[in-house]
Amino acid sequence: MIESWQNQIKAAAAKGEKLTIHGSGSKSFLAPQGQGEVLDTRAHAGIVEYDPKELVIVVRCGTAIADVEKAMAAADQMLAFEPPHFGEHATMGGMVASSLSGPRRPYSGAVRDFVLGCKVIDGKGDHLSFGGKVMKNVAGFDVSRLLTGSLGTLGVITEVSFKCLPLPKAQQTRAFEMDAQSAIVAMNRWYAEANPVTATTWVNGKLYVRLAGAEPAVNSAVARLGGEALSDDVDWWRDWREQSHAFFGGDGPLIRVSCKSTAQWGDLANGADMQAIDWGGAQRWLRTASIALPAIREWARAEGGHASVFRGATSQAERSESLQPALSEVSQKIKASFDPYNVFPSLS
Amino acid sequence: MLTFERPTETAVAATVNSLRASYGDRTVTTHAVREHHSHGEGMQDSALPDVVVFPETNEEIASILKLCNQARIPVIAYGTGTSLEGHLKALYGGVCLDLSRMTKVLEINPEDLDCRVQAGVTREQLNADIRHTGLFFPIDPGANASIGGMSATRASGTNAVRYGTMRENVLGLTVITPDGRIIKTGTRARKSSAGYDLTRLYIGSEGTLGIITEIQLKLYGVPERISAAVCQFGDLHGAVNTVIMAMQLGIPMARIELLDDMQMQACIKYSKLEGLEPKPTLFMEFHGTDAYVSEQIEQMKSITADHGGSDYRFADKPEDRSKLWKARHDVYWAGMSFVPGKQCFATDTCVPISRLADCITEAKRIADASGLICMIVGHVGDGNFHVQITFDPNNADEHQRADDAASRIALVAIEMGGTCTGEHGIGIHKLDALKVEHGEGVDVMRTIKQALDPHNIMNPGKTIPMQ
């Protein structure tokens, strides 16, 4: 498979043609518009290496996230960044290329924090290897991290190794009736107080706090924080992560705001029921017309962050903020280092 | 292929004159100061820069880089001079940028658990400045290094097993590019903004892509309880297997450090450790709530008992803990003083945790076969350990045997799916090992270097092999 992809890329480069890298398409709404032939990563699937004792799993790009999670769960382990799938057949390659992390992200780390190494075919058709299977590696530039989140613009990620973590022994979610601003304060305080918090979300007037870890730690945190138990919490967090929760329904665009976690509540979407607060306050979801985007971006900038239309974007400008010119130039140079013949889509 | 030629004396003299005109007595050319800036710790290989400048602002650094880029003069950033792999050796002379005047903590945001500092702030200064907030910055490579230097070398240290390395703890950077532009990567938001993750590219680039001048860092709440403990073992295997088991069970150790019998012998003598024997030993630290720490200790006790570990000696008081960790951090000096007249350098391999026992065994065999006195110490919870090899620098044969042993140990780790360097970096010493480890991947790294530093003025000859 690898060789045939290398040939396909070399041929496209020679003819000045474009290629689009595609997995199951579950996250293609995030990526720049592709052109030319499709290179389907699902043809290269399977777990290459998984010995739970190593705390490392090596997978091919086309492997379904669901299959990997199933294999890991059987060994009481997990991908600790809790990746959203957004589709039954979502692939590991797409997960890395889009760098999306789920509810656990502020507490355990992002996709890139768990990527230990990867293999990639660059725009010249060379199959290269970076990083490996170790927790710490300072040998040369951190190319694996550069590829994480590169949205198929630098090359075909063919294989990735991840750090695995043991599943928590105990888990409970507590729910609290609370206004948005009190929820922001509570999320930040409870985490800073070293409670074993692994997810926090405020939606429709309720704060949900997931506690997980060793049983005594969870029990003592439950006693300290109070709140009501959420009985179906595994399903609730899956729905939230997959955006199948009712909040995400409806036709209008969904705007994602990243900001400092303590940014005060701002009624940015005309009504508290149109905004949800995630990641301990560091991520806000808004259901509003994209026409409101400039004002929302201004608010986000003032709060140390940025905003973009996550679903329902009608242009690349809505999908991501433009970069400072010098940063953009550095990014273009990196793009050219991997893909000198512009075989893959450009970044913006 | 990267190339670089030592600039002509005329070009250097013109640059020094321009620098002196702009920065006056912050431009220094005395031999003593240049010598001080010509090397890090570790191997005593040094080469003097032509001039040392002490900039105070981003704008000053930007103009210095512009000047040097036009004149093709190399630039090497200097924090506190504690790097270990020859990062500071001025192979082609040039300008050393000493960032020790950039020591402002620019922002502390206790509620957001982050801060922004200038590159010259040291980790001890930062921790002193934020103590009143109940927060701390956990990355602890031992030396009182600067945050800029720690970012540039992607430093880690004893706390990495719990808190990660610089890679996981930097939210964003201000970097000055070789052509003198000031760029800001990342934001205070947890999710990076559009584009590539440039923060991660600059972290660990060893000053070869640009100068890091400001760093936005994550901070952590000081745990309710911190408890340190020492456990000794009859053999090395018992100690190593204890660590492997603890990691596989997910016990959230804050630190877990291994010292072999020879290293302990050196440390007992140097750091005057009482009541400990020259046996393989684990230094451990537990962080958390009172109940959580007690539970972690109970779990660890049952694992160590299964592997022939001794009873624990606890150090709960801050001063006792400091003494214990100072002894751990002083292993290099302990090693040097243990074998007077010799020099010492350390390997830095890191392997998957399941291969740790095999790798340490093989490393010890290679070390013993070299006929030199070697000591093993390491952050074994990450799979990272150092063999400190002592040798007589004036004895060519010993020097050669030390080099051979170090290279063989690095290759063993790479064969086991590991790396030649877990935390010290490539510098000039591991350029060959990098090629073995990454093969053609090094070509892409070189292309990136060429693209971002077309005249190769940023710390030339380091990190990425020239060809």
Side-chain angles (χ1 to χ4, degrees), chain A residues 51 53-56 105-106 109 112-113 122 126 128-130 132-143 145-146 148-150 165-166 188 192-194 214 216-217 220 258-262 279 282-283 304-306 308 320-321 323-324 326-328 330-331 333-334 336-338 347-348, chain B residues 111-113 154 156 160 165 168 181 183 187-191 193-198 200-201 203-205 221 223-224 247-250 288-289 291-292 295 350-354 382-384 417-423 425-426 434 437-442 444-445 447-448 451-452 463-464:
Chain A
D51 176 359
K53 287 204 289 290
E54 281 199 333
L55 302 173
V56 175
R105 188 252 177 272
R112 62 156 190 261
D113 297 323
D122 68 10
D126 292 332
L128 309 165
S129 175
F130 299 98
K133 298 194 295 175
V134 290
M135 301 301 154
K136 297 199 305 192
N137 185 330
V138 292
F141 299 151
D142 197 352
V143 178
R145 275 23 184 248
L146 201 54
T148 307
S150 61
L165 285 190
N188 281 285
E193 287 170 356
S220 75
S258 296
C259 56
K260 60 179 188 178
S261 60
T262 53
W279 287 5
Q283 179 163 268
H306 45 89
S308 56
S320 65
E321 293 201 33
L323 294 172
Q324 178 196 348
L327 267 183
S328 172
V330 171
S331 301
K333 287 176 176 171
I334 288 166
S337 303
F338 282 89
L347 192 58
S348 56
Chain B
E111 302 291 316
D112 299 297
L113 305 176
R154 222 186 292 152
S156 45
T165 70
E168 288 83 21
R181 286 197 282 179
I183 60 173
T187 59
R188 293 184 57 203
R190 287 299 200 245
K191 183 210 166 283
S193 52
Y196 303 126
D197 191 348
L198 300 179
R200 250 42 61 179
L201 178 65
I203 296 174
S205 60
E224 181 182 304
M247 291 302 112
Q248 287 169 350
L249 289 175
T289 57
Y292 199 20
E295 186 193 285
C350 188
V351 290
I353 192 85
S354 61
D382 308 308
N384 180 209
T419 174
C420 62
T421 178
E423 59 180 11
I426 298 291
L434 180 75
E437 198 172 318
H438 281 128
E440 288 176 0
V442 175
V444 168
M445 294 184 193
T447 310
I448 294 173
L452 300 190
T463 317
I464 307 299

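Proteins get letters first, then strands, A, B, ... in listed order; numbering begins at 1 in each. Quick note: numbers below take in every heavy atom, side chains included, and nothing from hydrogens, waters or symmetry partners.
Contact annotation: the side chain of B:Val444 never approaches that of A:Phe141 to less than 4.5 Å [non-hydrogen atoms, C-beta and beyond].
For a residue to count as touching a neighbouring chain, one of its non-hydrogen atoms must lie under 4.5 Å from one of that chain's; by this rule B:Thr421 touches chain A with backbone and side chain alike. Using a 4.5 Å cut-off between heavy atoms, B:Pro223 does not touch chain A at all. For B:Glu295, the part lying near chain A is the side chain, with the backbone staying farther off; criterion is any non-hydrogen pair under 4.5 Å. In this structure, chain B has no heavy atom under 4.5 Å from any part of A:Val56. Within the 4.5 angstrom heavy-atom criterion, only side-chain atoms of B:Leu434, from C-beta onward, approach chain A. Heavy atoms of B:Glu111 lying under 4.5 Å from chain A belong to its backbone as well as its side chain. Proximity to chain A is limited to the side chain of B:Thr289, based on heavy atoms less than 4.5 angstrom apart. Heavy atoms of A:Asp51 lying under 4.5 Å from chain B are absent altogether.
In terms of modelled atom types and a separation under 3.5 Å, the side chain of B:Arg154 and the main chain of A:Asn137 share a donor-acceptor contact. Between the side chain of A:Glu54 and the main chain of B:Ser354, no donor-acceptor pair closer than 3.5 Å is present.
In this structure, B:Asp197 CG and A:Arg145 CZ are separated by 9.0 Å, a value rounded to the nearest 0.5 Å. Between atom CZ of residue A:Phe338 and atom OG1 of residue B:Thr447 there is a gap of 9.0 Å, rounded to the nearest 0.5 Å. Once rounded to the nearest 0.5 Å, the distance linking CG of A:Leu146 with CD1 of B:Ile448 reads 5.5 Å. Note: A:Asp113 CG to B:Arg200 CZ = 7.0 Å, rounded to the nearest 0.5 Å. Atom CD1 of B:Ile203 sits about 8.0 Å away from atom CG of A:Asp142, to the nearest 0.5 Å. Between the NZ atom of A:Lys136 and the CG atom of B:Asn384 there is a distance of 4.0 Å, given to the nearest 0.5 Å.
No other option in A:Asp126, A:Ile334, A:Val138 has as many heavy-atom pairs under 4.5 Å with chain B as A:Val138. Options A:Gly305, A:Ala192, A:Pro216, A:Ala217 differ in how many heavy-atom pairs under 4.5 Å they form with chain B, and the most are formed by A:Pro216. Of the listed residues (A:Leu327, A:Leu55, A:Thr262), the one with the most heavy-atom contacts under 4.5 Å to chain B is A:Thr262. Ranking A:Ala326, A:Ala336, A:Pro166 against chain B, the residue ahead of the rest is A:Ala326, based on heavy-atom pairs under 4.5 Å. Taking B:Pro352, B:Gly250, B:Ser205 one by one and counting their heavy-atom pairs under 4.5 Å with chain A, the maximum is reached by B:Pro352. Your options are B:Ala291, B:Gly221, B:Gly204, B:Cys350, and the one with the most heavy-atom pairs under 4.5 Å with chain A is B:Cys350. With chain B as the partner, the residue from A:Ala139, A:Gly149, A:Gly132 showing the most heavy-atom pairs under 4.5 Å is A:Ala139. Comparing A:Ser220, A:Gly109, A:Gly140 by heavy-atom pairs within less than 4.5 Å of chain B, the highest count is held by A:Gly140.
Shown here are the side chain to side chain donor-acceptor pair (under 3.5 Å) partners of A:Ser261, two or more places apart in sequence or in another chain: A:Asn188.
Here the shortest heavy-atom pairing between B:His438 and A:Ser129 reads CD2-O, 3.4 Å. Residues B:Tyr292 and A:Ala214 come closest through the heavy atom pair CE1-CB, 3.8 Å.
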